[in-house]
Amino acid sequence: MSRYNARTVEPKWQAAWEEAGIFTAAPDAAREKYYVLEMFPYPSGRIHMGHVRNYTMGDVVARYKSSRGFNVLHPMGWDAFGMPAENAAMEKNVHPGTWTYQNIEDMKTQMKPLGFSLDWTREFATCDPEYYGQQQALFLDMLEAGLVYRKNAVVNWDPVDMTVLANEQVENGRGWRSGALVERKELTQWFFRISDMSQELLDAIDGLTDWPEKVRLMQRNWIGRSQGLQFRFALHGAPDGIDELEVYTTRPDTLFGASFAAISPDHPLARRLEQDNADLAAFNSECRRTGTSEEDLEKAEKKGFDTGLTVTHPFDADWTLPVYVANFILMDYGTGAIFGCPAHDQRDLDFARKYGLDVTPVVAPADALAATFEIGAEAYTDPGHLINSKFLDGMSIEEAKAEVIRRIEAEGVGEGVTKYRLRDWGVSRQRYWGCPIPIVHCPDCGIVPEKKENLPVELPQDVNFSQPGNPLDRHPTWRDVACPACGGAARRETDTMDTFVDSSWYFARFTAPRANTPTDAEAAAYWMNVDQYIGGVEHAILHLLYSRFFARAMAKTGHLPDSAIEPFNALFTQGMVTHETYSTPHPDGGERVVWHTPDEVLRSESGATLRDGGGAVTVGPTIKMSKSKKNVVDPEDIIDQYGADTARWFVMSDSPPERDVEWTASGAEAAWRHLQRVWRLASEVAEAGGADATDADLERATARAIHDVTEGIESFAFNKAVAKLYEFTNLLAKSKAPAGARRVALRTMAQLMMPMTPHLAEEVWTLLGGEGLVSAAPWPKADPALLVEDQLTLPIQVNGKRRAEISVARDADKAAVEAQALADPAVQRVLDGAVPKKVIVVPGRIVNLVV
RNA sequence: GCCCGCUUGGUGAAAUUGGUAGACACAAGGGACUUAAAAUCCCUCGACCUUCGGUCAUGCCGGUUCGAGUCCGGCAGCGGGCACCA
């Protein structure tokens, strides 16, 4: 018997699909549309198992929905701007565009053989001028709509390379290339007013019922709505007649437990004071050496500097508190100034212990006495009643908060306010390989938007990366431009946009990828929203939140219908493909290391060595496959050896899609064996010939398989769908039914396997006399009558432990089940004459006898 | 540090969402076929014990319940995110 040859079969069917054009999407008012989208990839040049898993999931959904009769849109593109291209330019002396487009070609070559049902006619890369030109148009419309503004913000500055560093380029406070201590530098940058939409973005999360609950929770926490009190302390000893310090607190109830006030090193007052105080200036610059990331700030040792200034307690004119500059106060949150209540905030407590400040508890748990309640090493943050707080004593925390806000407002020194942790989105990047910000700086007119007819503002090709910094800045002519307003000599903005902007509207562009406006109203109205979005959980916050903002901004500027402000109806966050990491010490010494790919490493039970040279390799933790840690596996080997269907079947089996999966080579072989087995079964049946026939057992099994596989796919439990198909195959292999009946069952199996293994499914379908393409055949339906079992097996428990099983009719009543259970010999042996005190019969489930 | 997850046999996992823990696979062991190998097929496979029976088992400790992998509280380990990686 001939073997299934994926190498010849797969290209044959891919050509057939292409010829039939079944994946090319076109609006069709008569059919219900379904838009399935996987997060588009960064063109690193190689696909990895994470891509295969992600795109196979989307493909299963797309093919399944298509066979359910939906008009499916399933596009693909490239998130093509970003730093790796500039890094490659520096390391290999190749233009970022050349590198990126070559990578796209390479990845497409690797992806095509997987047989995804993608509409490649809609493909684009975000670095195509046709795409980023429309993005510039969006930027200008958003600027006009008041959604864009400029303000100062800090960046990581490498003083040796004279360049801005991304957070990931800062290692232990030093630049990754130069090793120089990183400084914070303030630049004027462009921002999107996402924080104006905080409440709306928060409220709308309630409506995202088909998003994972954990993602909704993360977004809510990220937006971070808090209700608190903002008020002004009377300030003493400050220069320039500054006599107030405005602070924000979410715990106004603890005001009588305050023992200090603290301001951020970046607070205007701190900046003013350091002019006359060298020690404070030194302290502040020390603080500014920490990275700009929140993680760095939070992890840094809590430090403070006593300014010598004091503030007066708002409820006691005789009570003053010292004012510190403290490194853990964030200038971006609240007012950049707080009062510290050490008894009820862990950071404040650590700080107070370090600097010998008072710790007075003002909230005590219900069972504690005011006189004896003390704070030890841990702050008390649970509910309780107020103590040591004059007119607040005895109140609950909520009552006390309201009362303090009422009195502060009555005194006119502050008010209750709602604040959000969400900050405006800074989009300026001092880099070449990004979408140019379409702005002109004119000495006479100031900031002038580029004219729409001059878009796209294209990146110049003649750039070099021999020097660090932004090549746009030092380009001899690109910056020179006539002012769009007055026509005089002016200069282009040389900052480009954050790559998150590119990915915040690509899903909308896919609905009309060649339109000469950002979107086409008719196409957007038909195709939006994305019905099913699939991607990594690592994008749970930023990408998804920015996209939600952008959809709103596009609706406000007329580029999307109002119905599309929540662009993703359903979200599935797939788990990551993980792998061990391998590193060796960096030749320059120090703490830096060199990362190695798995195929550079010889792994054994005891450890790992380098293949060439045999040096010892440190085996690191199993983490998400990433280019920077080089722990990536190339799926091409599997595809070359076994074919696409095996790779697709393999990544869909075993691990539930939402869970991380650690890559192991074993199993691909097994997947391949299984597909061979299905092929063999089909071949046998085909050779046996004869007319189609029926068989009661096979009909029941087929109905069960249709039901279970459908449910598996609908609920994203692809691993369970695969397990059911294994079961169905085992049953068919053992079946003694006539060949004609097995042929009917196998045709249905081909349909059920089609979303996962479309090439094999087509081959089997054709072999067994199926009409046309199985990819275009309607999804099979299970006869409900065949799904009902007449007899059920019920477990019998005695005191919650399983002791026996009985078989009962499906519709047996409780009394009959109870009688049958009590009559069971094994049950009688366990009961040993005892009479059950209670009998619990859960129909169709279980019987529990309590003695 | 803060926010969010995850943890079940040697391995990946399943368990109708509070009702028989381990479906379906991988690996391993045994057998059939074969001169042999490959391929294929069959059997065994959580641990322990006195083995047609029983005890213990879902990261650890406690709780709720007739009944807990599932719910609640605490702890540990691992992972994701933390606003300039994408």
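Chain identifiers are assigned alphabetically (A, B, ...) following the order of the sequence lines, protein sequences preceding nucleic acid strands; residue numbering begins at 1 within each chain.
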Using a 4.0 Å heavy-atom cut-off, write out nucleotides 3-10 of chain B from 5' to 3' as B (base contacted by protein), S (sugar-phosphate only) or - (no contact). SSS-S---

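An anti orientation is assigned to B:rG59, its glycosidic angle lying beyond 90° of 0. For B:rU16, the base adopts the anti conformation, since its glycosidic angle falls more than 90 degrees from zero. Nucleotide B:rU40 is shown with an anti base, its glycosidic torsion being more than 90° from 0.
Across all strands shown, A:Glu727 has heavy atoms under 4.0 Å from sugar-phosphate atoms exclusively, and none from any base. In this structure, A:Arg216 reaches neither bases nor backbone, as no heavy-atom distance under 4.0 Å exists between it and the strands shown. Heavy atoms of A:Asn167 sit under 4.0 angstrom from primed sugar atoms or phosphate atoms, though from no base atom. Among the heavy atoms of the strands lying under 4.0 Å from A:Gln430 is at least one base atom, whether or not backbone atoms are also near. Contact annotation for A:Val850: backbone-only contact, meaning every heavy-atom pair under 4.0 Å involves sugar-phosphate atoms and none involves a base. Residue contacts for A:Val164: at a heavy-atom cut-off of 4.0 Å it reaches a base atom on one of the strands shown. When heavy atoms are screened at a 4.0 angstrom cut-off, A:Gly426 is found touching the sugar-phosphate backbone but no base atom. Using a 4.0 Å heavy-atom criterion, one finds that A:Glu301 contacts no nucleic acid atom at all. Across all strands shown, A:Arg431 has heavy atoms under 4.0 Å from base atoms, whether or not it also approaches the sugar-phosphate. Among the atoms of the strands shown, only primed sugar atoms or phosphate atoms (P, OP1, OP2) are found under 4.0 Å from some heavy atom of A:Asn719. Here A:Ser293 lies in heavy-atom contact (under 4.0 Å) with sugar-phosphate atoms only. A:Lys720 comes within contact range of the sugar-phosphate backbone alone, with a heavy-atom separation under 4.0 Å but no base atom that close.
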Take A:Trp505 and A:Tyr131 through the ring-ring contact (aromatic ring centres under 6.0 Å, His included) test and state the conclusion after the steps. CA-CA 10 Å; A:Trp505 72 287; A:Tyr131 181 81; 4.5 Å; yes

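Ring planes of A:His539 and A:His543: perpendicular class, angle over 60° (limits at 30 and 60°). Using cut-offs of 30° and 60° for the angle between ring planes, the A:His674 and A:Trp649 rings count as parallel. The aromatic rings of A:Phe192 and A:Phe549 lie tilted to each other, with the angle between the two planes from 30° to 60°. Taking the six-membered ring where tryptophan is involved, the planes of A:Trp433 and A:Phe81 are perpendicular, since the angle between them exceeds 60° and thus also 30°.
One can place CD1 of A:Ile846 at 9 Å from P of B:rG19, the figure rounded to the nearest angstrom. Separating the CZ atom of A:Arg429 from the P atom of B:rA83 is a distance of 11 Å, rounded to the nearest angstrom. Atoms CG (A:Asn5) and P (B:rA39) sit 18 Å apart, rounded to a whole Å. A:Leu422 places its CG atom 13 Å from the C1' atom of B:rC82, with the value rounded to the nearest Å. Atoms CE (A:Met49) and C1' (B:rG12) sit 14 Å apart, rounded to a whole Å. Between A:Leu731 atom CG and B:rC41 atom P there is a gap of 15 Å when expressed in whole angstrom units. Rounded to an integer number of Å, the gap from CZ of A:Phe716 to C1' of B:rA13 is 19 Å. Between the C1' atom of B:rG80 and the CG atom of A:Leu545 lies a distance of 17 Å, rounded to the nearest Å.
No hydrogens or angles were tested; on distance alone, a donor-acceptor pair under 3.5 Å links the side chain of A:Glu295 to the base of B:rC82.
If you take atom C1' in B:rG77 and the same atom in B:rC61, they sit 15 Å apart, rounded to whole Å. Taking the C1' atom of each, B:rA32 and B:rU8 are spaced 35 Å apart, rounded to whole Å.
For A:Lys151 and A:Phe191, the positive end sits near the middle of the six-membered ring, less than 6.0 Å away and at most 45° from its axis.
The closest side-chain donor-acceptor pair between A:Asn54 and A:Gln574 falls under 3.5 angstrom.
Taking a pair as Watson-Crick or G-U wobble with both distances under 3.5 Å, RNA chain B forms stems of 3 or more consecutive pairs at B:1-7 with B:76-82, B:10-12 with B:24-26, B:28-32 with B:40-44, B:46-49 with B:53-56, B:59-63 with B:71-75.
When each of A:Tyr4, A:Tyr642, A:Phe650 is checked for a ring-ring contact (aromatic ring centres under 6.0 Å, His included) with A:Trp672, only A:Tyr642 meets the rule.
Checking B:rC41, B:rC66, B:rG12 against every side-chain atom of A:Arg680, the shortest atom distance belongs to B:rC41.
Ion pairing of A:Asp332 with A:Arg423 is present here, as a side-chain N (NZ or NE/NH1/NH2) and a carboxylate O approach within less than 4.0 Å. Between A:Arg216 and A:Glu213 there is a salt bridge, since at least one side-chain N of the basic residue sits less than 4.0 Å from a carboxylate O of the acidic one.
Nearest-nucleotide positions on RNA chain B place A:Arg677 closer to the 5' end than the other of A:Arg677 and A:Ser428.
Under the rule for a side chain to side chain contact (heavy atoms under 4.5 Å, CB included), the partners of A:Gln430 that lie at least two apart in sequence or sit in another chain are A:Val155, A:Val164, A:Leu187, A:Gln189, A:Ser428, A:Asp495.
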